[in-house]
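Comments concern the structure below.
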Amino acid sequence: MSARARADFDTAYDRGMRALPEPDRHWDVRTGFGSARVYRFGSGDGPPLVLLPGRAGTVVMWEPNLRALAARAPVYAVDLIGEPGRSEQTAPIRSGADQASWLADVLSELDLSGVHLVGYSFGGWLAANLAVRRPERLASLTVLDPVQTFARFPAALIVRSALTVVPGIRGRARESFLRWMSGDADAAAAGSDDPVVRVIDEGMRTYRIALPTPTLLTGTQLRRLHLPVLALIAGRSVIHDAGRAADRARRLLPHARVEVWPSATHAIAGEFPDDVSTRILTFLDDLEAAP
């Protein structure tokens, strides 16, 4: 990354951070694959929530949901290693096992247990990947329209994503990609000055992500998952077939709470922030009330 690109991204990131509540504390947690920037919001004593953002979203993407979630319990929001943000990758990440390893290191170094893990999009896959490989510190799993978890990427997504890095057209392709992902070209264009949109756009423009493409979680992996699970799937999502994703989740995780939100796009966490936050909190309240 050039100095100019770094400055452009930092400007967008800092602006996005100013839209969030003031963090109570932050850490740069050392792992086997680099350091992970983690922010804590809220200072309660309840079981912690750990939030994992979507691709290039950084902690800033949780702006619509963070206040409501942090009012209930301490929230630890992570910039993903290998992604745009303040985390730093120092070793190659080659597999799902590597992804689970660094995230498990973060929870261990911060001495977090009984964690309610929440992930959106790529962060949803990362959360589910940890849950099927290293669940020992987790109390529950919530995934918001997760990629490659219950259904495969469609071909159109792979093609459109590839075009965002092609010289000469990547600027236009990136704008088109973000609009397509949101499901509403007019809304995406109008939101171009939104701090969340800006940090994602600058992250995609300035960073060269060198991570493996997430592989679809197998039936065997998902059947081994015995944590309480809440899965919110966007009915208008472009990252998978929503009906197939929901059917497979219900078949392999018969005790999970699987919901398809028919009018939601892949931007579900920011599109319906109050509804999403309330649904997560209701799920956690029900877990606490269970005998």
Side-chain angles (χ1 to χ4, degrees), residues 1 9 29-38 50-59 61 78-108 117-135 138 141 143-167 170 173-174 177-178 181 200 203-222 224-225 231 237-241 245 248-249 252 266:
M1 176 188 289
F9 175 78
V29 182
R30 295 172 66 90
T31 79
F33 297 89
S35 64
R37 172 64 62 92
V38 182
V50 173
L51 308 184
L52 307 178
R55 176 129 290 174
T58 76
V59 300
M61 71 137 288
V78 184
D79 278 351
L80 307 182
I81 292 179
E83 293 269 345
R86 295 285 158 81
S87 295
E88 296 288 342
Q89 183 178 355
T90 58
I93 294 174
R94 296 188 173 95
S95 65
D98 290 347
Q99 293 280 32
S101 179
W102 77 253
L103 185 51
D105 285 348
V106 169
L107 301 185
S108 176
L117 188 60
V118 181
Y120 161 68
S121 188
F122 172 68
W125 176 85
L126 193 66
N129 178 65
L130 181 71
V132 300
R133 294 175 184 272
R134 304 281 296 275
L138 304 184
L141 171 68
V143 289
L144 311 177
D145 213 37
V147 305
Q148 293 286 87
T149 302
F150 305 124
R152 295 185 186 279
F153 285 138
L157 177 68
I158 297 170
V159 172
R160 283 178 174 265
S161 178
L163 291 175
T164 65
V165 297
V166 176
R170 56 190 175 194
R174 188 174 64 251
F177 180 74
L178 291 174
M181 290 285 282
I200 293 173
M204 292 179 65
R205 183 180 72 84
T206 58
Y207 271 74
R208 183 172 297 172
I209 296 173
L211 294 174
T213 300
T215 56
L216 182 70
L217 297 183
T218 68
T220 299
Q221 287 176 312
L222 290 171
R224 288 202 304 259
L225 183 54
S237 179
V238 298
I239 61 101
H240 50 206
D241 181 294
R248 185 168 183 257
L252 297 176
H266 185 58

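Just so you know, these numbers come straight off a predicted model, no measurement behind them. Along the sequence shown, residues carry numbers from 1.
Within the model, atoms CZ of R152 and OG1 of T215 stand 9.0 Å from one another, a figure rounded to the nearest 0.5 Å. Atom OG1 in T31 sits 11.5 Å away from atom CD in E88 (nearest 0.5 Å). Between I81 atom CD1 and F33 atom CZ the span is 8.5 Å, to the nearest 0.5 Å. Within the model, atoms CZ of R134 and CG of D105 stand 7.0 Å from one another, a figure rounded to the nearest 0.5 Å.
In plain terms, the two heavy atoms of T58 and P53 that are nearest each other are O-CB, 3.2 Å. Shown here for P212 and S95, the closest heavy-atom pair between the two residues is CG-N, 3.8 Å. Residue V132 comes nearest to R224 through the heavy atom pair O-NH2, 4.0 Å, listed as atom of the first residue, atom of the second, then distance. Annotation for R248 and T218: closest pair NH2-C, 3.6 Å, computed over non-hydrogen atoms. When all heavy atoms of A231 and F150 are compared, the pair lying nearest together is CB-CE1, 3.9 Å. Smallest separation of non-hydrogen atoms from H266 and S121: NE2-OG, 2.8 Å.
The residue from L126, L103, I209, V59 that alone fulfils the side-chain contact (heavy atoms from CB on, under 4.5 Å) condition with L80 is L126. Among the candidates L217, L252, L141, the single residue satisfying the side-chain contact (heavy atoms from CB on, under 4.5 Å) test with L225 is L141.
With D241 contributing its side chain and A151 its backbone, the two residues share no donor-acceptor pair below 3.5 Å. In this structure, S87 contributes its side chain and D79 its backbone to a donor-acceptor pair below 3.5 Å. A donor-acceptor distance shorter than 3.5 angstrom exists from the side chain of Q148 to the backbone of P214, with no hydrogens or angles considered. A donor-acceptor pair under 3.5 Å is formed between the side chain of T149 and the backbone N or O of V147.
Taking 4.5 Å as the limit, some side-chain heavy atom of L107 sits within range of a side-chain heavy atom of L130. Between V78 and V29, every side-chain heavy-atom pair lies at or beyond the 4.5 Å cut-off.
In the displayed structure, R133 atom CZ is contacted under 6.0 Å by more than 12 heavy atoms of other residues, nucleotides or ligands.
Among residues two or more places apart in sequence or in another chain, the side-chain hydrogen bond (donor to acceptor under 3.5 Å, both in side chains) test is passed with R37 by D28, Y39. Residues meeting the ring-ring contact (aromatic ring centres under 6.0 Å, His included) test with W125, sequence neighbours left out: F122. R55 pairs by the side-chain hydrogen bond (donor to acceptor under 3.5 Å, both in side chains) definition with E83, not counting sequence neighbours.
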